Amino acid sequence: MMDAFTAGLLQRIKTTEHDLTRARETGDDFLADVEQSELEDLHRLAAEHGVEIGATSV
């Protein structure tokens with residue numbers, strides 16, 4: 001069982017990945033850059049807290 005922080009973080013990563021894909025598909029370069037930066041921040045936060053990305057489904 002995962003705690004609320006981990007579940008929330010993994011959900012935010014999943015949502016951001018989806019939003020990044022959509023921005024790329026629609027050719028919105030600015031939004032894609034914003035989403036990519038957000039995704040990098042979330043991955044950094046996960047690493048700092050020992051959260052394994054992709055190891056657990058939300």
Side-chain angles (χ1 to χ4, degrees):
M1 176 154 236
M2 78 177 73
D3 61 40
F5 173 79
T6 301
L9 181 57
L10 292 174
Q11 183 59 49
R12 286 182 61 196
I13 289 170
K14 181 178 176 180
T15 300
T16 303
E17 287 172 340
H18 179 265
D19 293 345
L20 175 58
T21 298
R22 186 179 321 179
R24 287 178 175 162
E25 288 173 349
T26 61
D28 190 335
D29 293 335
F30 176 76
L31 183 56
D33 286 345
V34 169
E35 297 296 347
Q36 182 64 47
S37 292
E38 176 71 10
L39 189 57
E40 290 169 4
D41 288 343
L42 291 169
H43 280 233
R44 178 189 48 76
L45 185 62
E48 288 175 359
H49 291 277
V51 175
E52 292 187 41
I53 299 167
T56 312
S57 69
V58 176

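Since we're looking at a predicted model, the values are computed, not measured.
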In Å, rounded to the nearest 0.5 Å, how long is the span from NZ of Lys14 to CG of Leu39? 14.0 Å
So CG of Asp41 and CD of Glu38: to nearest 0.5 Å the spacing works out to 6.0 Å
Which residues satisfy the side chain to side chain donor-acceptor pair (under 3.5 Å) test with His43, sequence neighbours excluded? none
How close do Ile53 and Leu10 get, counting heavy atoms only, and between which atoms? CA-CD2, 4.2 Å
Can you name the salt bridge (Lys or Arg N to Asp or Glu O under 4.0 Å) partners of Glu48, sequence neighbours left out? Arg44
Find the distance between CG (Leu9) and CG (Asp3) and round it off to the nearest 0.5 Å. 10.0 Å
If you look only at distance, which donor and acceptor atoms sit under 3.5 Å apart when one is on a side chain in residues 29-36 and the other is two or more places apart or in another chain?
residue	atom	partner	partner atom	Å
Gln36	OE1	Arg24	NH2	3.0
Gln36	NE2	Glu40	OE2	3.2

Can you tell me which residue among Gln11, Arg12, Glu17 is in a side chain to side chain contact (heavy atoms under 4.5 Å, CB included) with Thr15? Gln11
Straight-line distance of Thr16 OG1 to Leu42 CG, nearest 0.5 Å: 5.0 Å
Among residues at least two apart in sequence or on other chains, which ones pass side chain to side chain donor-acceptor pair (under 3.5 Å) with Thr21? none
Residue pairs meeting ring pair (Phe, Tyr, Trp, His ring centres under 6.0 Å), one or both in residues 3-23, sequence neighbours left out, come to Phe5-His49
